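Start at 1 and go down the list; that is how both ligands and their atoms are numbered. FYI, side chains are in, hydrogens and waters are out, and symmetry mates aren't considered; it's all heavy atoms of this structure. All residue numbers refer to positions in the sequence shown, counting from 1. Predicted model only: the values in this text are computed from it and were never measured.
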Amino acid sequence: MKNGIVIIGAGHGGVQAAASLREEGFDGRITLIGDEAELPYHKPPLSKTFIKDAAAKPQILRAEAFYSGAGIDLMLGENVVRLDPAAKRIEFASGSAIPFDRAILATGSRPREIAIEGGPLGGVLSLRSVADARVIRDLSATVEDVVVMGGGFIGLEIAATLVAGGRRVTVIEAQDRLLARALAPAIAAHVGERLAASGVRILTGTTVRSIEGESGHVSAVITSTGERIPARMLIVGVGVVPNAELAQAAGLATGNGIIVDSRMRTSAPDIFALGDAARYRHWATGDEVRLESVQNATDQAKLIARTIAGHGEDYAAVPWFWSDIGDMKLQMVGLTGGSDRTILSGEPADNKFSVFHYRGGRLLGIESVNRPADHMLGRKMMGLGFSPDPATAAAGGDALKAALSEWQARQPV
Ligand code: FAD
């Protein structure tokens with residue numbers, strides 16, 4: 001492989017792919033390209049801690065010495081604008097081009113943009129990158145009133161972080177409950193109650209009708225019910241769209257992401273895709289999914305490296321995710337869409353409980369609030385393919401561990 005492997009996108013998945021290729025013994029050329037000027041960094045802290053701490057620095061994924069030490073050509077601040085799968089070449093915005101033998105598309109996703117009546121205005125922001133986080137941090141230090149549009153994970157994390165920093169925060173969510181896309185009603189209700197108790201005003205079943213401004217900067221949000229809410233900052237957190245345009249323009253199969261098979265191979269030979277940008281048929285549910293989590297990007301990167309090294313298997317990692325909202329550590333394992341029965345373990349009043357999701361008696365996943373042991377056990381059980389019966393789930397952690405041990409003892413060696 002004289003031209004080596006190019007990795008487009010230096011986020012969670014791209015950096016892991018570069019590292020895993022070396023761990024798998026690939027000794028050819030690796031070029032890791034990112035359009036951000038920063039050394040690649042962790043995204044999750046941005047909404048949880050970074051925006052409230054003026055002194056916070058981005059948490060880098062790997063030290064600079066890692067890339068040079070591993071012989072990885074790290075090209076930062078470079079935007080790949082064209083991919084030619086037939087000629088096996090990529091082109092940069094600057095006009096230069098490089099050839100490749102294999103390419104990995106790790107381009108991630110970006111916040112969904114929506115046109116709001118009365119806009120565009122300054123102070124209407126979204127959060128994806130550390131550059132966005134700096135803008136939010138700087139502005140939030142000078143304003144009192146913040147409106148967050150969207151009651152999903154990122155919107156609620158930002159709301160909790162900013163209210164803890166003394167801002168007046170209102171969350172406006174179109175659905176009739178928070179976290180409607182992601183979590184069981186019991187957890188969503190709990191999150192809403194605690195956020196409200198911490199001072200966040202939550203309006204569900206409500207949309208932003210328009211915004212008003214002064215001197216080009218947002219000053220108020222008008223809701224669908226006609227209420228006028230003062231706002232010097234409006235954070236739009238209404239989901240993301242995959243960065244699939246490069247692949248689409250190159251003629252690769254796309255549609256809500258870059259379509260990949262069970263080994264993360266795109267429709268073009270020698271081109272892989274992963275992470276937020278990749279859509280695939282999920283091994284457990286059979287549904288077409290595009291998952292947005294660090295785990296998903298990281299595990300897919302490792303699989304691509306194994307596939308290139310010649311010993312890849314079909315993707316079958318158990319999905320998991322976490323979110324920190326105020327004093328709640330939320331941890332999710334499995335895919336719980338389509339559950340027909342839920343079992344509550346623990347007490348919401350203690351701010352420590354889990355919801356086990358079942359379909360037809362089979363465990364689909366577990367959502368936990370401040371119960372990391374349930375989460376870790378869930379990852380273990382689901383990774384092994386063990387589904388405890390609902391009565392055992394209701395009985396708690398010790399019963400689950402005992403049932404798992406018994407089940408393991410019965411498995412053929
Ligand atoms: P990314 O990490 O987004 O990396 C993609 C990179 O590619 C970006 O730097 C992008 O700028 C670059 N790029 C795109 N196109 C090009 C191009 N043409 N040329 C060059 N470079 C390009 N997940 C969790 O599991 N738990 C959490 O608590 C959590 N919190 C989050 C909080 C925030 C604020 C955000 C934004 C995300 C959070 N996530 C969380 C999601 C998680 O960060 C993503 O799922 C993960 O980063 C996906 O990895 P990726 O490699 O697919 O994409």
Practice item. Start with the C-alpha gap between Met149 and Ile116, add the side-chain angles, then the distance that decides, and say whether side-chain contact (heavy atoms from CB on, under 4.5 Å) holds. Key: CA-CA 11 Å; Met149 183 177 176; Ile116 305 176; 4.1 Å; yes
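- Between the side chains of Asn296 and Gln300, at least one donor N or O sits under 3.5 Å from an acceptor N or O.
- In this structure, the ring of His190 has its center less than 6.0 angstrom from the ring center of Phe353.
- Annotation: atom 14 (C) of ligand 1 to nearest protein heavy atom, Thr107 O, 3.1 Å.
- For atom 33 (C) of ligand 1, the choice among Leu46, Leu291, Leu61, Ile154 with the nearest heavy atom turns out to be Ile154.
- Among protein heavy atoms, atom 4 (O) of ligand 1 sits closest to Gly11 CA, 3.2 Å.
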Practice item. Might you work through the side-chain hydrogen bond (donor to acceptor under 3.5 Å, both in side chains) test for Asn243 and Thr107, ending with a clear yes or no? Key: CA-CA 6 Å; Asn243 291 325; Thr107 47; 5.3 Å; no
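- Here the heavy atom of the protein found nearest to atom 48 (C) of ligand 1 is Asp276 OD1, 3.2 Å.
- Residue-ligand proximity: His42 is placed with every non-hydrogen atom at 4.0 Å or more from ligand 1.
- Remark: ligand 1 and Asn79 share an N or O pair separated by less than 3.5 Å (distance only, no angle test).
- Inter-residue side-chain proximity for Ile90 and Asp84 is flagged as unmet; no heavy-atom pair is nearer than 4.5 Å.
- Residue-to-ligand polar distances keep Ala297 apart from ligand 1: every N/O pair is separated by 3.5 Å or more.
- Two residues are said to be in side-chain contact when any heavy atoms from C-beta on lie closer than 4.5 Å; Arg341 and Phe356 fail this criterion.
- Of the polar atoms of Trp322, at least one N or O is found under 3.5 Å from an N or O of ligand 1, judged by distance alone.
- Counting heavy atoms only, Ala106 comes closest to atom 6 (C) of ligand 1 of the residues Ala106, Pro319, Gly34.
- Between Phe153 and Phe321, the angle of the ring planes lies from 30° to 60°, which puts this pair in the tilted group.
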Practice item. Evaluate salt bridge (Lys or Arg N to Asp or Glu O under 4.0 Å) for Arg263 paired with Asp314, printing each intermediate quantity in order. Key: CA-CA 5 Å; Arg263 304 263 168 109; Asp314 286 343; 3.2 Å; yes
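- For ligand 1, one of its N or O atoms has an N or O atom of His12 under 3.5 Å away.
- Considering backbone and side-chain N/O of Leu246, none are found under 3.5 Å from N/O of ligand 1.
- In this structure, the protein non-hydrogen atom closest to atom 43 (O) of ligand 1 is Lys43 CB, 3.4 Å.
- The distance criterion of under 3.5 Å between nitrogen or oxygen atoms is met by Arg128 with respect to ligand 1.
- Nearest protein heavy-atom neighbour of atom 23 (N) of ligand 1: Phe321 CE1, 3.4 Å.
- Considering both main-chain and side-chain atoms, Asp35 comes within under 3.5 Å of ligand 1 through a nitrogen or oxygen pair.
- The ligand atoms of ligand 1 that sit less than 4.0 angstrom from a heavy atom of Glu78 are 19 (N), 20 (C).
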Review point. Stepwise, does the side-chain hydrogen bond (donor to acceptor under 3.5 Å, both in side chains) test hold for Glu227 with Thr223?
Key: CA-CA 5 Å; Glu227 185 180 347; Thr223 71; 4.9 Å; no
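- The shortest separation from a heavy atom of Lys48 to ligand 1 is under 4.0 Å, placing the residue in contact.
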Point to revise | Derivation and outcome, side-chain contact (heavy atoms from CB on, under 4.5 Å), residues Arg167 and Asp145 | key: CA-CA 6 Å; Arg167 310 281 84 79; Asp145 297 297; over 6 Å; no
Exercise for review: Go through the steps to decide whether Arg228 and Glu212 satisfy the test side-chain contact (heavy atoms from CB on, under 4.5 Å), and finish with yes or no.
Suggested key: CA-CA 9 Å; Arg228 182 179 183 284; Glu212 293 175 356; 2.8 Å; yes
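- Within the listing of ligand 1, atoms 23 (N), 25 (O), 45 (O) sit less than 4.0 angstrom from a heavy atom of Ser293.
- Among all non-hydrogen protein atoms, the one lying nearest atom 19 (N) of ligand 1 is Val80 N, 3.0 Å.
- The closest protein non-hydrogen atom to atom 31 (C) of ligand 1 is Pro44 CA, 3.6 Å.
- Those atoms of ligand 1 that come under 4.0 Å of a heavy atom in Gly275, given as number and element, are 52 (O).
- In terms of protein heavy-atom proximity, atom 8 (C) of ligand 1 is nearest to Glu36 OE2, 3.5 Å.
- Within a 6.0 Å sphere centred on NZ of Lys380, heavy atoms belonging to other residues, nucleotides or ligands number 12 at most.
- Remark: side-chain polar atoms of Glu367 are paired, donor with acceptor, to backbone N or O of Ala184 under 3.5 angstrom.
- Atom CD of Glu64 is surrounded by 12 or fewer heavy atoms from other residues, nucleotides or ligands within 6.0 Å.
- If you number the atoms of ligand 1 from 1 as listed, the ones under 4.0 Å from a heavy atom of Glu292 come out as 45 (O).
- Near Ser47, meaning under 4.0 Å from one of its heavy atoms, ligand 1 places the atoms 32 (C), 33 (C), 34 (C).
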